[in-house]
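Below, chain A is the first sequence line, B the second, and so on; all start at residue 1. Below, all heavy atoms of this structure are taken into account, side chains as well, without hydrogens, waters or symmetry copies.
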Amino acid sequence: MNTFTNLVLAAAEEAEHSIEYGDGGIFAEWAWLLVIVPFVAFVAIVFFGKRLPRQGGEIAVGAMAFVFIYAAILFVINTVEGVVFEHSVEVARIGSFAIEWGWVVDGLSSMMYLVIGLLAFLIFTYALGYMEGDVRPTWFFAAFTLFAGSMLLLVSAPNLIQLIVGWEGVGLASYLLIGHWWEDKENSSAGMKAFYVNKVADIGLVIGAFVLAIPVGSFRISDVLDAVVGNSGDIEAVAFWGAALLFIGAMGKSAQFPLHVWLPDAMAGPTPVSALMHAATMVTAGVYLLGRMYPLYAEMAAEARVPVLIIGTITLIIAGLLAVVQDDIKKVLAYSTVSQLGYMVAAMGAGAYTAGLFHLWTHAFFKGLLFLGAGSVIHSVHSNNMSDMGGLRKPMPVTFGTFVAGTLALAGIFPLAGFFSKDEILAAFNYEGYTAVLVIGVVGAFVTAFYMARTVFLTFYGTYKGHGRPHESPRVMTMPMVVLAGLAVVGGWVNIPGLYTGFTDWVGTRAQTFAEHHAESFDWPVVAIGLTAAFLGIVAGYFLYYRDEETQQARDSFRIPLLWPLLEHKYYLDDLYMNGIVTPIKGPIARFVDWTNSYVLDGIVNAAGFVTRALARFVYQDLDQRGIDLALNGVAYSTDDLAGRTRLLQTGKVQQYAGATVIGAVLLVIGFVVFG
Amino acid sequence: MAPDIDYLALAPEITLAVTAVVVLLLDLFLPRRQKYWTAIVAVLGVSFAALPLIALAVSDVGDRAMLGGSFVVDDFALVLKGLFVIAGYLVLLMSVGYVESDRYYQGEYYFLLLMSILGSMVLASSRDLITLFIAVELVSQPMYLLAGWRKGDLRSNEASLKYFLLGVLASALLLYGMSFVYGLTGELTFAGIAAEGAGKAGEPAFIMAILFIIAGFGFKVSAVPFHFWAPDTYEGAPTPVAAYLSVSSKAAGFVALLVVLYSAFPDASGVWGPAVWILAALSMTLANLTALRQTNIVRLLAYSSVAQAGFMLVPFAAAATTDAVGLGEAFAATVTYIVIYAFMNLGAFAVVIAGARKTGTGDIEGWGGLGSYAPALGALAAVFFFSLAGIPPLAGWIAKLVMFGAAMGAGSPWMIALAVIAAINAVIALVYYARVVKTIWMDPVPATAPEEEVRTASVAGSLGLAIGLSAAVVVVAGFFPSLVTFFSDATKVLAGG
Amino acid sequence: MSDWFSEPANWVFLVLALVIAVSAVRVVTSTNVVHSALFLVLALGATAGLFLLLSAEFVAWVLVLVYIGAVIVLFLFGIMITRAPTGPNVEMDHRPRAPAAMAAFLMFIVTAGSGLTAFGDQEITRLGDGTSTELIGEQLLQRFVIPFEVVSFVLLAALIGGITLARRDASPAEEEATEEEVQA
Amino acid sequence: MPLLRRRKPRKKRCRHDSKELEARGLELRIPEGGELVLLNQFLILGALLFSLGVYGLLVRRNAVMVLLSIELMLNAVNVNLVAFESFLRNAGAGGQIFAIFVITVAAAEVGIGLAIILLIFRNRTSANVDELDLMKW
């Protein structure tokens with residue numbers, strides 16, 4: 001009876017254990033390569049990158065090219081025959097739970113693989129140009145590859161443990177990447193902030209995973225969802241809490257209000273990082289998690305969708321307003337990302353699984369494009385601030401053209417990608433009867449169009465306000481933008497209600513069936529309202545920011561202070577008073593009175609713009625910067641303060657320690673005897 | 001009548017004892033310049049002690065009990081003895097360069113360290129109160145002395161006295177509790193106590209006895225409010241000694257707690273479960289908060305180790321509210337955590353020893369830019385600190401996962417509350433661990449840093465080996481947790497699982 | 001109660017307990033270190049008497065030999081070497097003493113209370129049946145042989161370590177010199 | 001040789017019948033007459049010694065005095081152990097052996113403690129424990 005030998009045998013036996021179902025084919029069976037290749041590339045870059053001519057960038061791009069091609073093949077196979085494949089290998093047993101590593105190939109994951117592979121490939125290529133001459137390109141490409149690999153690990157996870165590992169890996173890599181230019185202290189602080197905020201949210205994810213796994217007896221997502229669909233086990237009792245806790249995790253990664261604060265700061269990283277992080281990886285993880293676990297939210301934990309819907313709706317409007325007042329072009333896009341994530345999450349909350357994922361899909365293209373465009377502009381003018389740009393239309397024609405395509409797609413102009421996905425979300429709100437949400441969604445669409453128009457006009461029209469001579473970026477950077485611009489145009493055509501709904505079929509190809517709330521055809525009134533809102537937004541932006549350079553400057557003369565009030569406390573307040581409150585009231589409002597007198601119709605459009613901006617200013621300055629940042633900082637401060645106090649317990653006097661020991665022991669006894 | 005002794009079962013202990021005596025004798029005859037031989041003999045002796053362990057593990061005889069069941073070699077004892085041997089080996093490796101560099105009494109140093117390791121080995125097999133107590137004393141007493149080994153340093157003196165006084169107080173509490181256990185049950189062996197004490201869980205005297213025993217071992221594992229010695233002693237003691245205290249000595253305390261609570265008081269889990277709940281919650285919260293404000297790296301690690309003790313106690317608390325299966329799992333969870341913690345914390349201390357030599361300071365601020373002139377060391381520091389913070393895929397994450405699993409698996413509201421406390425604390429802990437990594441990698445080299453040749457001097461070979469071995473375990477066990485869980489599963493025998 | 005006093009063993013107990021209690025109080029209150037140490041001798045001596053009353057002769061004599069014979073001498077040496085103030089010293093205690101007294105009082109409540117609740121008025125019925133020294137010796141070398149061996153290592157470690165720690169360091173040069181002498 | 005040997009049986013004071021004792025698992029104990037020496041009188045003395053030791057530990061400034069107080073605490077444990085042993089009188093003599101081990105360990109502790117105190121005294125010319133607070137917070 002040698003227990004050790006027995007245990008070895010048992011362990012070896014169990015490691016073989018795995019499950020497989022669905023028709024995979026060789027490509028699905030070998031899909032683990034998708035995860036392994038980036039990690040191998042990561043190791044290769046760490047050890048050999050420095051010796052290569054491009055400092056390891058070529059390995060990274062090569063790995064991503066592989067991922068892209070493989071994902072494309074999987075995607076095609078999936079569109080043709082609908083693969084559902086899952087394979088798990090046991091790594092260890094912890095208690096009665098198996099810790100497994102595996103991979104899933106189904107509609108949802110192959111859609112994500114494709115998005116990640118495509119975007120990562122294009123953005124990595126772009127980064128080859130963007131990061132040329134950087135202080136530590138090897139480090140950058142290593143962390144970047146790790147980032148993509150972690151995201152693929154997350155997406156390929158057939159169990160919650162692996163999902164958490166990937167999830168944490170993405171968080172760690174983002175910390176490295178955001179703080180990439182760490183010589184500037186603000187950057188490393190921003191990296192830490194992202195790391196912490198995400199970690200806070202991860203508490204929800206980890207505990208939620210356990211809450212769901214314990215009654216089922218398995219961390220495997222398919223087991224949990226089978227139990228949900230089959231209504232078996234004790235899962236019903238914990239479904240709501242599990243779903244709600246998982247959503248807390250999703251809120252962190254997908255930057256939902258009020259955990260969105262890390263995202264604007266995360267713009268401190270190099271622009272390709274922002275592009276990848278906000279288009280295809282990291283922020284989509286939360287939405288992906290909701291999608292992956294959707295069968296849980298569909299019926300059993302339907303009440304948990306209420307907070308999802310509410311948080312998503314709040315996020316979409318608040319972040320949209322925030323984008324209006326940013327001067328930093330990347331921050332506009334950052335808040336825009338938060339806002340669009342709000343749409344996706346709200347769609348999930350409203351029960352529109354496909355719509356949420358569809359927006360994720362289209363958003364990846366146009367937001368990736370916009371970030372690359374912004375990066376191209378920044379690369380050229382060496383400033384993030386739109387007040388240093390202007391008139392770039394002529395020196396940077398490719399950037400301009402693609403950026404406009406991305407803007408129109410994001411604004412939801414027919415027939416670009418964003419139109420279809422946003423319309424589907426709005427239609428879902430209407431279909432479900434969430435009128436208030438629909439109204440907010442439409443206002444959000446207006447705001448989206450407005451801030452994007454503002455960005456385009458401030459950046460590419462008017463006269464150049466910066467230093468030096470702006471120039472078009474090299475081809476290695478513009479080519480990815482052109483490709484993405486094409487996708488931003490056509491990306492939405494895969495799901496046209498009544499015409500071709502391939503996307504719905506793809507993401508619906510998965511092991512568990514569930515009821516989805518979905519409008520089958522165009523909801524024409526909503527289409528009309530949504531389009532009108534978008535057009536009005538653009539028109540308002542045009543009137544406020546296009547007409548001539550003088551007004552453009554006057555109307556945008558206020559500078560929004562940078563986001564780190566802690567570090568520049570005094571400066572921040574002065575700036576806030578002068579530029580944030582005094583100037584806008586003196587200038588634009590006086591003019592506003594003038595306008596209403598001269599052009600009434602014109603004035604109405606302008607009024608909408610001004611109301612938006614005033615509201616945005618309120619939201620930005622009072623709510624976001626003061627309220628939420630203060631609340632979060634308050635938590636941090638009080639923790640720190642508490643730390644200062646607890647420290648004082650350690651007086652250095654050994655007899656006080658002895659007293660604490662004695663009192664501790666005695667009080668324990670008294671407590672247990674009296675209350676136990 | 002000769003006592004009935006199974007010499008194979010005792011072989012690891014005998015090997016160590018002989019080694020210790022040889023080291024002591026060797027020290028007498030070696031000239032000053034050749035004292036390093038004592039280190040070689042000590043390292044070899046500890047390595048040899050592993051051989052009988054392996055022989056015992058693969059032998060076909062099952063549990064070996066002797067002397068009326070007061071000394072048992074079962075899978076639990078074997079696994080933990082293995083851990084003590086490996087941890088002792090690593091600490092010896094860490095000590096070599098450190099002890100040579102200053103006026104330390106090398107022979108005596110290694111002798112005392114070996115004595116303490118011997119004590120922990122005996123501890124793992126102890127199944128009665130007397131053997132357990134003596135083993136605990138053999139673990140601690142050499143450490144009281146070694147903490148003051150830097151004789152000329154006032155801090156080291158102070159560390160030694162604080163550790164000693166509080167240690168003796170803890171011993172007194174422990175003994176008082178043990179005397180009552182003996183008086184109430186009339187038994188000294190754990191099996192006898194478990195049988196006799198079955199109906200006594202509610203008696204105030206029994207509660208007092210159990211809680212005093214917990215307090216006594218709570219000192220060894222440095223759980224709040226019995227932790228106060230830890231930061232001061234770690235800071236003042238020679239760093240390898242601090243490493244030993246934070247790993248082997250702490251693990252010994254946990255082993256003692258596991259053995260006593262699970263095998264002597266299985267029916268009183270309603271008493272010790274909640275008590276441990278309180279200690280766990282206090283340890284995690286207080287230590288993590290205090291760690292936020294630390295500027296000295298060793299002190300930071302001291303608070304971190306207190307907090308980690310809190311995490312390790314979490315599964316204990318779960319034992320009170322769970323069934324037999326859950327009991328076994330809680331048990332295995334603690335052992336898993338201890339094993340993983342041992343490697344990551346030893347690694348962190350080894351990195352601190354190497355880093356302190358390069359930067360010439362223990363202040364975290366002085367470590368700025370370490371990653372730029374010692375990238376390998378910086379990377380390994382990141383590995384260990386992130387592992388302590390529980391970032392996947394490093395082993396520390398598995399430890400946290402197992403801990404959460406045990407807590408959540410128990411399912412009671414109290415345990416879920418404790419799991420939430422643990423999760424929040426894991427975030428707080430990340431702040432200070434990540435801060436160290438950030439300082440190492442992202443801060444500029446401070447003006448006070450020593451000159452180039454000190455900074456780029458290579459790390460002593462034995463220390464490098466210690467760091468490398470720990471890092472290998474931390475990384476590999478992260479990917480293949482069964483390397484650890486396999487062993488901790490084997491230890492469930494003690495919990496009857 | 002009168003029954004209790006009718007028992008002669010209890011009279012002996014009472015006297016010894018009184019001696020122990022008073023000397024213990026003096027140990028912790030005396031302002032003179034030497035007095036404290038001597039009161040500890042008294043307390044331990046009376047404890048040895050108590051052990052004899054409980055017919056635990058071996059333990060009693062071990063206590064006398066080890067403590068009074070060795071440990072206290074060590075203490076007195078310690079007091080002398082550290083030149084602790086041997087005369088009355090009012091600064092011997094911390095002020096205020098109340099928290100310490102409170103902690104000690106709580107400790108007394110807990111420790112005495114557990115005894116009272118657990119054993120009530122149970123009696124030691126076999127006071128005279130001493131455990132023979134032979135049995136103790138046998139047990140020590142049979143069942144408790146491992147702790148017996150281990151405790152020898154505890155003592156050895158304490159001895160070696162204590163000497164190393166307490167002895168005055170010679171300077172390295174001196175050490176070299178002595179070593180050369182030895183080798184020569 | 002026991003100090004007091006009383007063999008006069010006083011059966012009426014015996015409060016335990018053998019059944020109850022068996023239930024307590026103390027079958028080795030043969031009731032042969034109570035002597036009205038209570039277990040608790042020893043335990044309370046032990047508690048008193050222990051608490052006085054705690055008081056001294058917390059209140060004394062001189063390290064040697066602190067060590068003396070600790071000896072009181074350990075002695076309290078010995079009183080308990082020996083009293084329990086005569087109360088139980090089971091064949092193993094466990095309590096007395098435990099007490100012998102405690103005495104031995106205490107002796108080792110005194111040696112270590114005095115060595116440390118000596119070391120500190122040599123470096124600071126004071127053995128007051130409350131002056132040792134180089135390390136705190």
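- For a residue to count as touching a neighbouring chain, one of its non-hydrogen atoms must lie under 4.5 Å from one of that chain's; by this rule C:Phe144 touches chain B with the side chain only.
- Residues C:Ile160 and B:Met115 are not in side-chain contact: their nearest non-hydrogen atoms beyond the backbone lie 4.5 Å or more apart.
- Considering only residues two or more places apart in sequence or on other chains, B:Arg64 meets the salt bridge (Lys or Arg N to Asp or Glu O under 4.0 Å) condition with B:Asp6.
- When side chains are defined from C-beta on, B:Thr189 counts as touching C:Arg143, because their heavy atoms get closer than 4.5 Å.
- The contact between B:Leu112 and chain C is made entirely by side chain atoms (from C-beta outward), counting heavy-atom distances below 4.5 Å.
- B:Leu114 does not touch chain C: none of its heavy atoms, backbone or side chain, sits under 4.5 Å away.
- In this structure, the portion of B:Phe212 lying under 4.5 Å from any heavy atom of chain C is its side chain and not its backbone.
- Both the backbone and the side chain of B:Thr131 come within contact range of chain C, each with at least one heavy atom under 4.5 Å from a heavy atom of that chain.
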Q. Hey, mind stepping through C:Thr164 and B:Tyr109 against side-chain contact (heavy atoms from CB on, under 4.5 Å) and telling me if it holds?
A. CA-CA 9 Å; C:Thr164 315; B:Tyr109 177 93; over 6 Å; no

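- For C:Tyr67, the side chain to side chain donor-acceptor pair (under 3.5 Å) test picks out D:Glu71, with sequence neighbours left out.
- B:Lys151 and C:Leu165 get closest at one heavy-atom pair: CE-O, 3.2 Å.
- Residue B:Leu118 touches chain C through its side chain alone, counting heavy-atom pairs closer than 4.5 Å.
- Between chain C and the residues B:Leu10, B:Asp128, B:Ile134, the largest count of heavy-atom pairs under 4.5 Å involves B:Ile134.
- Heavy atoms closer than 4.5 Å to chain C are found nowhere in B:Ile207, neither backbone nor side chain.
- Below 4.5 Å, heavy atoms of chain B meet heavy atoms from C:Met107, C:Val110, C:Thr111, C:Ser114, C:Gly115, all part of residues 101-116 of chain C.
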Q: Give the C-alpha distance, both sets of side-chain angles, the deciding distance and a yes or no for side-chain contact (heavy atoms from CB on, under 4.5 Å) between B:Met66 and C:Ile146.
A: CA-CA 10 Å; B:Met66 60 177 109; C:Ile146 289 178; 4.3 Å; yes

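- The ring pair (Phe, Tyr, Trp, His ring centres under 6.0 Å) analysis of residues 124-144 of chain B, with sequence neighbours excluded, yields the pairs B:Tyr144-B:Tyr163, B:Tyr144-B:Phe164.
- In this structure, the portion of B:Leu24 lying under 4.5 Å from any heavy atom of chain C is its side chain and not its backbone.
- With a 4.5 Å cut-off on non-hydrogen atoms, C:Thr117 touches chain B through its side chain but not through its backbone.
- Of all non-hydrogen atoms in B:Leu145 and C:Ala157, the two that sit nearest each other are CD1-O, 3.8 Å.
- For the atom pair CD (B:Gln141) and CG (C:Leu156), the distance works out to 12.0 Å, reported to the nearest 0.5 Å.
- More than 12 heavy atoms of other shown residues, nucleotides or ligands fall within 6.0 angstrom of atom CD in B:Gln34.
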